[in-house]
Asks: 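This is the structure I have questions about; it appears just below.
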Amino acid sequence: MLFDEYEFKNYNFRLTIYILLLNVLGVLVISSATGQESSLVSKQIMGIIVGFMIAILLSLLDYHRILSLATLVYVACVIGLIAVLMFGENVNNATRWLKLPGIGQIQPSEFVKVGLIVFFAWFFSKKQAKLNYLTTLLLAGVLLLAVFGLIYEEPDLSTGLVIVFVFTCMLFAAGLSYRWILGGLAFLVPVGTLFIYLLQYDKVPFLKGYQARRILAFFFKEKYAEANLQQDNSIMAIGSGMLHGKGLNYTANSVKNGNFLSEEQTDFIFAVIGEELGFVGCTMVILLIALIVYECLIMAAKTKDMAGRLLCVGMAALLAFQSFSNIAVATGVFPNTGLPLPFISYGVSSLISMYIGIGITLNVGLQRKISN
C-alpha cells in the first residue's frame, strides 16, 4: 500500500499551523493595504486553498518519486523561463508574467525557485562521492547559470540572487570542502570591493541603471537620497506603529495613502504590518517565519538520506533568505529589491510555489530515519 511505510505520528502539523497563521495575517493585511479590494483578497484566499490542498497531496507522495523526475523538472523550469521571454506580458519594463488560458497570469520564476531545489537535491545526492571535484562544481555552476541568465533577462535580479543563495546553502549542506569555501571567500571579497568601486563610475555593464542606483543608494545614502525615498517612508511607517500599531485598516495619515510606497501589498507589506500592528505584529511575523525555518531544519536533521536533507535545507534557505530580504528592504538594511514576504505578500504564484515546496518537505519529515 502507498502509506504502509509512513509513520503519521511524524507528520509535522506544527509547520502547517504556523503557515496558516501567516496566511490569515497576510489576508488581513492585504485587505488593508489594497483598501479592502475584494478581487485581490479573493484571489489570495483561493491561492491559499489551492496551495494548501497541493501541499497536503504532495506530503503524502513519496519524495523519491518527485526526485526521479528531477531532470524533467529542470527542463520545465528552463522552458517556462524561455516562454516568459518570448510570450510574456511586459509590466513596468519587466517581462515576468505569462498568461495561460483557463489559469490566468502566473510568474514562472516563482516556481523555478522550488524546481531548482528539487533538481539540485537530486543532483548533489547523485554526485555526493565526487562533489568536490572541479568537473562536478563546474557542471553545477553551468546548470545554475543557465537559469540565472534567463531570470536576469526578465529582468529579475533579486530572484536570481535568491536562487544563487539557495544553491550555495544546498552545496554546503551536501558536503562542500572548506577549501572551496575559503577559496571562494578569498575571491569574492576583493571582487565585491572592486564591483562597488566600478559601480560608482558606471563601469558595470550588466547592471541596469535603476539596479545600480539602488545598490549605490545603500552605500552612499546622502548622495542618492531619492533612491531611498520609499525605504525611508517604510521605516517611518514601521516606527509610527510603535508597540501595538494603529489598528488594521487604519487610513488617516497612513503610509498607504499618497503613493508613499509602491506595491505595499507585496514588496513593502512589512511596512503596513509595522504601521498597523506595531512591534508586537512585526515580532509575531518574524517569530512564525523563524519557527517554519526551524521546523524545516529539524526535519533535515532527521531525514533518512542526503536528497531528503537537501530538500529541507533548500526550503529552509529559500524561506529564510526571502523573508529576511523582504524585511531588510522594508527596514533599510538591504538595497531596494522586489521580493514578496512568503505566505503573507499578495501573489498567487509565490503562494502556490511555496506550498509546493512545503508539501515535498512535509513528506521528507514523514519518512524520517529510524533511530536505533
Side-chain angles (χ1 to χ4, degrees), residues 15-34 37 40-41 43-45 47-48 51-52 55 96 107 109-111 113-114 156-159 161-163 165-166 230-231 233-235 237-238 241 245 248 255-256 260-296 315-358:
L15 182 59
T16 58
I17 292 171
Y18 299 149
I19 290 170
L20 288 174
L21 287 173
L22 284 180
N23 284 156
V24 171
L25 182 61
V27 169
L28 294 174
V29 178
I30 289 168
S31 175
S32 176
T34 59
E37 189 172 333
L40 296 184
V41 175
K43 286 181 181 177
Q44 187 75 357
I45 293 174
I48 292 170
F52 187 75
R96 302 174 186 172
Q107 188 174 352
S109 60
E110 291 294 331
F111 297 95
K113 295 173 187 175
V114 177
D156 191 0
L157 182 60
S158 54
T159 296
L161 294 176
V162 169
I163 66 170
F165 179 84
V166 173
Q230 291 208 59
Q231 285 180 291
N233 290 336
S234 173
I235 294 168
I238 293 170
L248 282 169
V255 75
K256 297 177 296 185
F260 292 113
L261 292 176
S262 65
E263 306 299 334
E264 56 265 32
Q265 74 276 15
T266 55
D267 301 346
F268 282 97
I269 198 165
F270 194 75
V272 180
I273 293 171
E275 182 179 51
E276 299 190 352
L277 300 178
F279 178 79
V280 172
C282 291
T283 302
M284 183 170 65
V285 168
I286 293 171
L287 178 61
L288 285 171
I289 292 170
L291 287 171
I292 292 169
V293 173
Y294 173 77
E295 292 294 340
C296 289
M315 276 307 298
L318 173 58
L319 289 164
F321 184 72
Q322 189 159 311
S323 300
F324 175 77
S325 297
N326 180 281
I327 296 171
V329 167
T331 53
V333 177
F334 262 16
N336 197 350
T337 60
L339 289 171
L341 188 57
F343 299 111
I344 294 181
S345 290
Y346 173 76
V348 176
S349 292
S350 173
L351 191 58
I352 292 179
S353 68
M354 287 293 179
Y355 263 121
I356 290 172
I358 287 296

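Heads up: numbering here begins at 1 and tracks the sequence.
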Asks: So L277 and L25, do their side chains get closer than 4.5 Å, heavy atoms only?
Replies: yes
Asks: If you measure from OG on S31 to CG on L248, what distance do you get to the nearest 0.5 Å?
Replies: 8.5 Å
Asks: Any idea which heavy atoms bring I352 and G47 closest together, and the distance?
Replies: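 Closest pair (atom of I352, atom of G47, distance): CG1-O, 4.0 Å.
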Asks: Okay, side chain of N326, backbone of D267: is any donor-acceptor separation there less than 3.5 Å?
Replies: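 Flag set: sc N326 to bb D267 pair under 3.5 Å.
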Asks: What pair of heavy atoms forms the shortest contact from L22 to P342, and how long is it?
Replies: CD1-O, 4.3 Å
Asks: Among all residues two or more places apart in sequence or in another chain, which pass the ring pair (Phe, Tyr, Trp, His ring centres under 6.0 Å) test with F324?
Replies: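 For F324, the residues satisfying ring pair (Phe, Tyr, Trp, His ring centres under 6.0 Å) (neighbours in sequence not counted) are F334.
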Asks: Within the structure provided, determine whether Q322 and K113 are in side-chain contact (heavy-atom separation under 4.5 Å).
Replies: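 Result yes, sub-4.5 Å side-chain heavy-atom pair found.
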Asks: Taking C-beta and beyond as the side chain, do F52 and L20 meet within less than 4.5 Å on heavy atoms?
Replies: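 With C-beta onward as the side chain, the pair touches.
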Asks: As an exercise, state the distance from CD1 of I358 to CG of L15, rounded to the nearest 0.5 Å.
Replies: 4.5 Å
Asks: Under 3.5 Å, is there a donor-acceptor pair between the side chain of S349 and the main chain of Q107?
Replies: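 Side chain of S349 to backbone of Q107: a pair is present.
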Asks: Suppose we screen for side chain to side chain donor-acceptor pair (under 3.5 Å). Which residues come up paired with S350, at least two apart in sequence or across chains?
Replies: none
Asks: Is any side-chain heavy atom of M354 closer than 4.5 Å to a side-chain heavy atom of L318?
Replies: yes
Asks: Could you work out, with side chain to side chain donor-acceptor pair (under 3.5 Å) as the rule, every residue matching Y355, not counting sequence neighbours?
Replies: N23
Asks: With F165, which residues qualify under ring pair (Phe, Tyr, Trp, His ring centres under 6.0 Å), at least two apart?
Replies: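 Partners of F165 by the ring pair (Phe, Tyr, Trp, His ring centres under 6.0 Å) criterion, ordered by chain and then number, come out as F321.
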Asks: Return the OH to CD1 distance between Y346 and I30, rounded to the nearest 0.5 Å.
Replies: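 Interatomic distance, Y346 OH to I30 CD1, rounded to 0.5 Å: 8.0 Å.
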Asks: Of the non-hydrogen atoms in Q231 and V329, which two are nearest, and what is the gap between them?
Replies: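 Reported closest heavy-atom pair: NE2-O, 2.9 Å.
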Asks: Can I get a per-line list of side-chain donor-acceptor pairs under 3.5 Å for residues 287-295, giving both atom names and the distance, sequence neighbours left out?
Replies:
{"residue": "E295", "atom": "OE1", "partner": "N12", "partner atom": "ND2", "Å": "3.0"}
{"residue": "E295", "atom": "OE1", "partner": "R14", "partner atom": "NH2", "Å": "3.1"}
{"residue": "E295", "atom": "OE2", "partner": "R14", "partner atom": "NE", "Å": "3.0"}

Asks: Measure the shortest side-chain to side-chain distance between I344 and I273 over non-hydrogen atoms and say whether it is less than 4.5 angstrom.
Replies: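 Touching, per the 4.5 Å side-chain cut-off.
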Asks: Are the side chain of S353 and the backbone of F111 linked by a donor-acceptor contact shorter than 3.5 Å?
Replies: no
Asks: Look up atom CD1 in I19 and atom CD1 in I48, then write down how far apart they are to the nearest 0.5 Å.
Replies: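 Taking CD1 in I19 and CD1 in I48, the distance rounds to 11.5 Å.
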Asks: Please report the closest heavy-atom contact between S345 and I269, naming both atoms and the distance.
Replies: OG-CG2, 3.4 Å
Asks: State whether the side chain of E276 and the backbone N or O of G241 hold a donor-acceptor pair below 3.5 Å, judged by distance alone.
Replies: no
Asks: Provide the closest heavy-atom pair for A271 versus A237 in the form atom of the first, atom of the second, distance.
Replies: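 In terms of heavy atoms, the two residues are closest at O-CB, 4.1 Å.
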Asks: Tell me, please, which residues at least two apart from Q44 pass side chain to side chain donor-acceptor pair (under 3.5 Å).
Replies: none
Asks: Would a 4.5 Å heavy-atom cut-off, applied to side chains only, mark V162 and S325 as touching?
Replies: no
Asks: Going from OG1 on T159 to CD on E110, what distance comes out if it is rounded to the nearest 0.5 angstrom?
Replies: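 It comes to 5.5 Å.
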Asks: Return the minimal non-hydrogen interatomic distance between V272 and A33, and the atom names on each side.
Replies: CG2-CB, 4.2 Å
